[in-house]
Every structure is written in structure tokens, then in C-alpha cells.
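By convention here, the first residue in the shown sequence is residue 1.
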Amino acid sequence: MKKTISSVISFAATGIAIGIPITLACMLLIGGFHPAIMEFLVWTVASALFGVLSGLLSKWGDKLSLPVYMVLHCLGCLTIAISACLINGYASNPLDLIISILPVFVIIYAIVYTCCYLAMKKEAKQVNEALQDK
């Protein structure tokens, strides 16, 4: 079952990765460039940058402690999100965006950090038990 869910998620991610640029191209060709296209394009690029940031950090993740990794990831994603919001004209002042977005980021990253920490503890316990059984 776990493999099936993983496959479905992988297929969906592939569909999104291929479908979004095609959708953007079709929207541009059919409806022309307008604010909705701009907003969609900005968030598509931001999403790609979130993925690139995550990939680069995970590549070097074994050299970073979990707190350092999470802080770098959070700051990078926060910078990308604020930039996308500014480009889309959601606010004229970056400080207003930081004040409104930061609490959401802190809550999400606290939850993600806790989940990662607990998963690592569980895995360490399983490894220790497996080593003791030998």
C-alpha cells in the first residue's frame, strides 16, 4: 500500500511538473498576458525555487544539523515567498509582508521540525534495538 501511495504521489508530481508549464503556455496563447497569468507565473517560479532550495539543502543536509537545516530552509522559503508577494503586488512594504507571513512560517516550521525530530528519534531507537539483537 505504501508503494502505491508513493507511486501516485510521484505520478501526480510528474503531472504537475509537466502540466503547469503547458497550462501557462496555453493560457498565454489563448487569453494573452494579464494579471492572473502573471500571478500564476510568479507562483510557479516560486514553487520551482522552493524545490531547488530544498534539493540543494538536502544534498548538503548530512553536513548540517537539523536546526541549522530548518532555519536555512525557512529563511530561504520566506525570502522566496516575500519576493513573490512583492512581485504580485500583495503589499508595497516588505516589512508588512514579513509581519503577516512570519507567524505562519514559524508555526509550520515548528510542526515540521517536531515531526522530523520525532521521526529521527524513532529511527535511532529502531537502529539501536536492531544492533542490540545481534
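Across Met120 and Leu66, no two heavy atoms sit closer than the pair SD-CD2, 3.9 Å. Nearest approach of Met38 to Ile87, heavy atoms of both residues: CE-CG2, 3.6 Å. Minimum heavy-atom separation, Ile98 to Pro103: O-CD, 4.2 Å. Summarising the geometry of Glu39 relative to Asn88, their closest heavy-atom pair is CA-OD1, 3.2 Å, with the distance given to 0.1 Å. When all heavy atoms of Ile101 and Cys85 are compared, the closest pair comes out as CD1-SG, 3.9 Å. Residues Pro94 and Leu86 come closest through the heavy atom pair CG-CD1, 3.9 Å.
Hydrophobic cluster membership is shared by Leu102 and Ile108, with clusters built from Ile, Leu, Val, Met, Phe, Trp and Tyr side chains linked at under 4.5 angstrom. Taking hydrophobic clusters as Ile, Leu, Val, Met, Phe, Trp and Tyr residues chained together by side-chain heavy-atom distances below 4.5 Å, Leu75 does not share a cluster with Val104. Both Phe33 and Met27 sit in one connected hydrophobic cluster of ILVMFWY residues. Membership requires side-chain heavy atoms under 4.5 Å apart, directly or through other members. Tyr117 and Tyr109 fall within a single hydrophobic cluster, where Ile, Leu, Val, Met, Phe, Trp and Tyr are joined by side-chain heavy atoms under 4.5 Å apart, directly or via other members. In the hydrophobic clustering of ILVMFWY residues, with side-chain heavy atoms under 4.5 Å counting as a link, Val52 and Trp60 come out together.
Residues Ile20 and Phe40 meet the side-chain proximity criterion, which asks for heavy atoms closer than 4.5 Å. Here the side chains of Cys116 and Val112 are in contact, with some heavy-atom distance below 4.5 Å.
Note that CG of Leu118 is 6.5 Å distant from OG1 of Thr114, once rounded to the nearest 0.5 Å. With rounding to the nearest 0.5 Å, the separation of CD1 in Ile82 from CZ in Phe105 is 7.5 Å. Ile18 CD1 to Thr23 OG1: the interatomic distance, rounded to the nearest 0.5 Å, is 11.5 Å. The CG atom of Leu72 sits 6.0 Å away from atom CG of Leu57, with the distance rounded to the nearest 0.5 Å.
Annotation for Glu123: atom CD does not count as buried by contact number, only 12 or fewer foreign heavy atoms lying within 6.0 Å. Surrounding CZ of Phe11 are at most 12 heavy atoms belonging to other residues, nucleotides or ligands under 6.0 Å away.
Under a 3.5 Å cut-off, the side chain of Asn93 and the backbone N or O of Leu95 do form a donor-acceptor pair.
Between Tyr90 and Trp43, the ring-plane angle classifies as parallel under the 30° and 60° cut-offs.
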